[in-house]
Amino acid sequence: MIEWSQDTIDAFRQTLLDWYDTHGRDLPWRQDHDPYHVWISEIMLQQTQVNTVIPYYERFMTWFPTVQELATAPEARLMKAWEGLGYYSRARNLQKAARQIVDDYHGQWPQTADVLRELAGIGPYTAGAIASIAFNQPVPAVDGNAFRVFARLLKIDADIAKPQTRQIFGQVIARIISPDRPGDFNQAIMDLGASYMSAKNSDSEHSPVRQFNQAYLDGVEDQYPVKTKKPRPKPVAYFGLVMPDANQYLMEKRPSNGLLANFWTFPLVKQADVLVATDSGDTDSGDNEPTDSEILELLRQYLMTKYGFKVSLKPVQGRPVTHTFTHQKWTITLLQVIWNERPDLSYFPGEWLNVTKFDQIAWPKVQEKMWARVGK
DNA sequence: AATTCGTGGCT
DNA sequence: TAGCCAAGAAT
């Protein structure tokens, strides 16, 4: 890592802000510095690309124009506004924080990063972004762009995948940030990181700050930032149960914690649970895989013993539905369920839902994929 | 500190 | 295609 003199810092600020003044992006949430606008956009932009966020942001502002209306919004409508954006705890924390602002702060926004940090869903990055952009506080906003840009500019070798590395970058940027225009400085770094200094297809040769980019000048830009790889998604196999009755389907409500919390899906049964439950193995002479029809029979018995369901099962046409999350890769074999006896739902965590309500409920993408396969 | 939280785009 | 990346936070 290299050090910059005060003269270099001054020159960098000037060059960066001059470029931002003429080439900064014109985005919907940059029309003013209203903390509500800054906040909503920053939460939506977490791990999400600008072009994805724009239509969500514009619709959100028409549905919930003020923090007060967000605080009192019905949960279903809030989730519908977030449908498809992912990381749904962001939306739930958004409403928690809105209620904190209305109730605990009497509608008055806290203006420092330290106090903003106390609001639900606001971590070190978002606190810095709101404090600098909305309230002109000279604090860094260390996101993925800032990591990448400053790692290259200064050849910082710390692994940005490690939590403690944030401290290093925070201290470095705190000394370089413009004390006069901290919000513009932070946003300029983001615009730079999204264009000339992007992760892929960077173009440092034409960058407005190329003479400050030590990794580029040394021809080692591809070595920065240093970042250890994450493990690949682990495969998980499910049965997806399509259980129609007249104009309704039996749907499962997921638990209030964990992946896709509180969402409705077609009932999902982990295939490993079905196989393990009956895998006594004493008559099994070793590594015989069960046949498809044997697996279906095991599932039929599983549904009988666990939920008291008396059913027949029929495979749904087509390949299994696949869906990849950050850490799990689901493969879902869809099965049509034919009731041999009217089911009693006493032991089942779900309800009958009429198809006329389907478009009013926020669905996760994986349920949309399953529905597309069997619905109409 | 290491995992767990979605989804879409791009190569 | 499989893998990586995109304005991270909570636990």
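Chain identifiers are assigned alphabetically (A, B, ...) following the order of the sequence lines, protein sequences preceding nucleic acid strands; residue numbering begins at 1 within each chain.
Across the P atoms, dA6(C) and dC5(B) are found 22 Å apart, a figure rounded to whole Å. Spacing between dA7(C) and dT4(B) at atom P, rounded to whole Å, works out to 24 Å. The separation of dC5(C) from dG6(B), taken at their C1' atoms, amounts to 14 Å, rounded to a whole angstrom. A gap of 15 Å separates the C1' atoms of dA1(B) and dA9(C), to the nearest Å.
Distance, Met79(A) CE to dT7(B) P: 10 Å, rounded to whole Å. One interatomic measurement links the two molecules: OH of Tyr56(A) to P of dA6(C), which rounds to 20 Å at whole-angstrom precision. As rounded to whole Å, 10 Å separates atom C1' of dG8(B) from atom NE2 of His323(A). Remark: C1' of dT4(B) and CZ of Arg254(A) are 13 Å apart, rounded to the nearest angstrom. Counting to the nearest Å, the C1' atom of dG8(B) and the NZ atom of Lys200(A) are 12 Å from each other. Atom-to-atom, CG of Asn257(A) to P of dG6(B) comes out at 12 Å; the value is rounded to the nearest Å. Whole-Å rounding puts the Leu192(A) CG to dA6(C) P distance at 13 Å. Taking atom CZ on Phe263(A) and atom P on dT7(B), their separation rounds to 7 Å, with Å as the unit.
Backbone-only engagement by Ala199(A) is indicated by non-hydrogen atom pairs under 4.0 Å involving sugar-phosphate atoms exclusively. Among the atoms of the strands shown, none is found under 4.0 Å from any heavy atom of Ser89(A). Backbone-only engagement by Lys229(A) is indicated by non-hydrogen atom pairs under 4.0 Å involving sugar-phosphate atoms exclusively.
For the pair His327(A) and dC5(B), the criterion of a side-chain N or O lying under 4.0 Å from OP1 or OP2 is met. The side chain of Asn51(A) contributes no N or O atom lying less than 4.0 Å from OP1 or OP2 of dG8(B).
Trp39(A) and Tyr56(A) fall within a single hydrophobic cluster, where Ile, Leu, Val, Met, Phe, Trp and Tyr side chains are chained together by heavy-atom contacts under 4.5 Å.
Side-chain atoms of Glu118(A) and Tyr105(A) form a donor-acceptor pair, as typed in the model, at a separation below 3.5 Å. With no hydrogens or angles considered, no side-chain donor-acceptor pair links Asn247(A) and Thr356(A) at under 3.5 Å.
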Atom pairs under 3.5 Å, N or O on each side, protein against nucleotides 7-11 of chain C: can you list them with distances?
{"from": "dA7(C)", "atom 1": "OP1", "to": "Asn145(A)", "atom 2": "OD1", "distance (Å)": "2.6"}
{"from": "dA7(C)", "atom 1": "OP1", "to": "Asn145(A)", "atom 2": "ND2", "distance (Å)": "2.5"}
{"from": "dA7(C)", "atom 1": "OP2", "to": "Asn145(A)", "atom 2": "OD1", "distance (Å)": "3.3"}
{"from": "dA7(C)", "atom 1": "O5'", "to": "Asn145(A)", "atom 2": "ND2", "distance (Å)": "2.9"}
{"from": "dA7(C)", "atom 1": "O4'", "to": "Asp143(A)", "atom 2": "OD2", "distance (Å)": "2.5"}
{"from": "dA7(C)", "atom 1": "N7", "to": "Glu42(A)", "atom 2": "OE1", "distance (Å)": "3.4"}
{"from": "dA7(C)", "atom 1": "N7", "to": "Glu42(A)", "atom 2": "OE2", "distance (Å)": "3.1"}
{"from": "dA7(C)", "atom 1": "N6", "to": "Trp29(A)", "atom 2": "NE1", "distance (Å)": "3.2"}
{"from": "dA7(C)", "atom 1": "N1", "to": "Arg25(A)", "atom 2": "NH2", "distance (Å)": "3.0"}
{"from": "dG8(C)", "atom 1": "OP1", "to": "Gly144(A)", "atom 2": "N", "distance (Å)": "3.3"}
{"from": "dG8(C)", "atom 1": "OP2", "to": "Gln47(A)", "atom 2": "N", "distance (Å)": "2.6"}
{"from": "dG8(C)", "atom 1": "OP2", "to": "Gln47(A)", "atom 2": "NE2", "distance (Å)": "3.1"}
{"from": "dG8(C)", "atom 1": "O5'", "to": "Gln47(A)", "atom 2": "NE2", "distance (Å)": "3.4"}
{"from": "dA9(C)", "atom 1": "OP1", "to": "Gly123(A)", "atom 2": "N", "distance (Å)": "3.0"}
{"from": "dA9(C)", "atom 1": "OP1", "to": "Gly123(A)", "atom 2": "O", "distance (Å)": "3.4"}
{"from": "dA9(C)", "atom 1": "OP1", "to": "Thr126(A)", "atom 2": "N", "distance (Å)": "2.9"}
{"from": "dA9(C)", "atom 1": "OP1", "to": "Thr126(A)", "atom 2": "OG1", "distance (Å)": "2.7"}
{"from": "dA9(C)", "atom 1": "OP2", "to": "Tyr125(A)", "atom 2": "N", "distance (Å)": "3.3"}
{"from": "dA10(C)", "atom 1": "OP1", "to": "Gly121(A)", "atom 2": "N", "distance (Å)": "2.5"}

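Taking for each of Gln49(A) and Ala261(A) the nucleotide of DNA chain B with the nearest heavy atom, the 5'-most of the two is the partner of Ala261(A). Position along DNA chain B of the nearest nucleotide to Lys369(A) versus Lys162(A) favours Lys162(A) as the more 5'-ward residue.
For the pair Arg342(A) and Trp339(A), the cation does not sit on the ring face, since its NZ or CZ is not both under 6.0 Å from the ring centre and inside 45° of the axis. Judged by a 6.0 Å distance limit and a 45° cone about the ring axis, Arg254(A) is not positioned over the six-membered ring of Trp264(A). Arg166(A) forms no cation-pi arrangement with Tyr125(A), by the criterion of a distance under 6.0 Å to the ring centre and an angle within 45° of the ring axis.
Asp273(A) has no carboxylate O lying under 4.0 Å from a charged side-chain N of Lys270(A), or vice versa, which leaves the two without a salt bridge.
The aromatic ring centroids of Phe185(A) and Tyr20(A) lie 6.0 Å or more from each other.
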